[in-house]
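Accompanying notes for the structure given below.
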Amino acid sequence: MTALHPSVRAESPSLAAMAKIEARRVVRNPFFLLAILVAFGFQAYFALSSSEAEPPGDLLSWPVIPAFFIGLTSLVVMARQTRSTEAAAEAMNAAPGTEARRTVALSLACLVPAAAGLLWILTEVAITLWREPAPQEWWFGTMPNVQVWAMLLANAPVACLGGGLLGVLVGRWLRFPGAAAVVLVVIVVADMLGQYPGEETSHPVLRLWTPWASFQSGTNTDGTAVQYGGNAVFYLVYVLCLCAAVVIAAVWRDRAARTRQLRVAFAATAVVGLLALTLSMTTGTTENRTSDPVPWKVQ
């Protein structure tokens with residue numbers, strides 16, 4: 001590839017401008033828009049099917065909807081977008097900025113699915129103001145608000161952010177056809193298997209190593225619901241560290257970016273992440289708790 005003239009380099013767009021371009025591409029992607037519609041469609045169904053006599057329940061399990069539809073779709077969308085960005089740069093023979101800079105711009109574009117996940121959660125909270133949850137529901141007033149918010153943020157907006165960032169990582173490092181689909185299946189299967197300890201009341205916190213950990217079982221046949229053990233605040237810190245580690249790993253693809261500062265950043269992220277994971281398993285409620293039965297949900 002021919003080197004760019006200094007004057008051309010000087011005219012390269014800023015990181016903010018590059019991120020805006022990539023963000024607009026995400027917003028205009030039809031698959032991403034479809035995922036948004038499906039996620040909010042499920043939420044609308046949950047809300048409209050409730051009533052004053054039978055308000056919505058299982059509220060802490062709702063975030064699986066945006067995590068699945070928006071987060072996993074973002075993984076595929078961002079993987080394809082990362083590959084297409086590099087293909088365009090190679091075709092023009094004049095890529096704007098370095099590969100590491102383009103990776104950071106793509107990573108910033110992942111704030112779009114994160115914002116969609118956050119809006120989904122805020123809408124869920126708004127629904128509870130319209131239809132107040134049953135008193136037996138694991139929700140605000142039943143447990144510390146900070147724990148509830150940490151669960152909601154970790155399992156929706158951060159999960160959506162992580163899905164997009166993982167897509168950038170896949171687009172940077174994996175070149176075989178269908179790489180994004182393969183990674184998606186591996187992530188889903190591994191995460192589902194990783195939830196098994198949640199059902200074991202002796203060691204439910206062992207599920208918290210996964211990038212998406214369930215905190216509520218949903219309604220059981222006897223009308224109760226199980227709140228799985230673990231400190232959600234530290235789990236939120238842990239998954240944020242996973243997101244940071246994914247960005248660093250994607251930037252690492254650019255050999256010129258493998259500086260001492262990047263190595264230190266990765267080491268610091270790993271230390272903080274492991275500490276947060278340990279604290280999420282050892283502090284707060286480490287055992288499962290079962291709610292009182294909701295009368296109209298007893299089968």
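Computation of the quantities below employed the complete heavy-atom set of this structure, encompassing side-chain atoms and omitting hydrogens, waters and symmetry-equivalent molecules.
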Check step by step if side-chain contact (heavy atoms from CB on, under 4.5 Å) holds for E132 and E52. CA-CA 8 Å; E132 185 175 354; E52 291 186 6; over 6 Å; no
Do [X] and [Y] get their side chains close enough for a donor-acceptor pair, meaning under 3.5 Å?
X    : Y    : value
R172 : T103 : yes
T142 : E137 : no
Q195 : T210 : yes
Q81  : N29  : no
R25  : S84  : yes
N231 : T283 : yes

Can you tell me how far apart [atom1] ([X]) and [atom2] ([Y]) are? Round to the nearest 0.5 Å.
X    : Y    : atom1 : atom2 : result
L34  : I70  : CG    : CD1   : 11.0 Å
Y45  : S50  : OH    : OG    : 11.0 Å
R175 : R83  : CZ    : CZ    : 4.5 Å
T259 : R263 : OG1   : CZ    : 7.5 Å
L279 : Y238 : CG    : OH    : 13.5 Å
S214 : L60  : OG    : CG    : 9.0 Å

Looking only at heavy atoms, what is the nearest atom pair of [X] and [Y], with distance?
X    : Y    : result
P13  : R101 : O-NH2, 2.6 Å
W139 : P133 : CD1-CG, 3.5 Å
A67  : A159 : CB-CB, 3.8 Å
L33  : V27  : CD2-O, 3.1 Å
P55  : W296 : CD-CZ2, 3.3 Å
F69  : A39  : CB-CB, 4.4 Å

Check whether [X] reaches the backbone of [Y] with its side chain - one donor and one acceptor, N or O, closer than 3.5 Å.
X    : Y    : value
T128 : V125 : yes
W138 : V226 : no
E22  : A109 : no
T269 : A265 : yes
Q43  : W120 : yes
W212 : V188 : no
S291 : T224 : no
N220 : D222 : no

Are [X] and [Y] side-chain neighbours, meaning at least one heavy-atom pair lies under 4.5 Å?
X    : Y    : answer
Q216 : S61  : yes
V168 : C110 : yes
T219 : V294 : no
L153 : L118 : yes
Q227 : N288 : no
V189 : M192 : no
F32  : V112 : yes
N155 : Y235 : yes

When you look at [atom1] of [X], are more than 12 heavy atoms from neighbouring residues, nucleotides or ligands closer to it than 6.0 Å?
X    : atom1 : value
F40  : CZ    : yes
K20  : NZ    : no
F266 : CZ    : no
Y196 : OH    : no
R80  : CZ    : no

Full working for side-chain contact (heavy atoms from CB on, under 4.5 Å) between L106 and M78: CA-CA 8 Å; L106 286 160; M78 291 309 300; 4.1 Å; yes
Hydrophobic cluster membership, with links at side-chain heavy-atom distances under 4.5 Å among I/L/V/M/F/W/Y: are [X] and [Y] in one?
X    : Y    : answer
V146 : L152 : no
V272 : L161 : no
V148 : V64  : yes
L174 : L165 : yes
L59  : L122 : yes

Compute both the distance and the angle, then confirm whether R207 meets the cation-pi test with F215: under 6.0 Å from the six-membered ring centre, within 45 degrees of the axis.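 Geometry flag: set, cation within 6.0 Å and 45°.
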W149/F140 under ring pair (Phe, Tyr, Trp, His ring centres under 6.0 Å): CA gap, chis, key distance, verdict: CA-CA 9 Å; W149 276 111; F140 293 103; 5.6 Å; yes
After noting the C-alpha distance and the side-chain angles of I121 and W62, does the key distance pass the side-chain contact (heavy atoms from CB on, under 4.5 Å) rule? CA-CA 9 Å; I121 287 300; W62 281 21; over 6 Å; no
Determine whether R289 and M143 satisfy the following criterion, side-chain contact (heavy atoms from CB on, under 4.5 Å), listing intermediate values before the conclusion. CA-CA 11 Å; R289 295 180 296 168; M143 56 193 306; 3.9 Å; yes
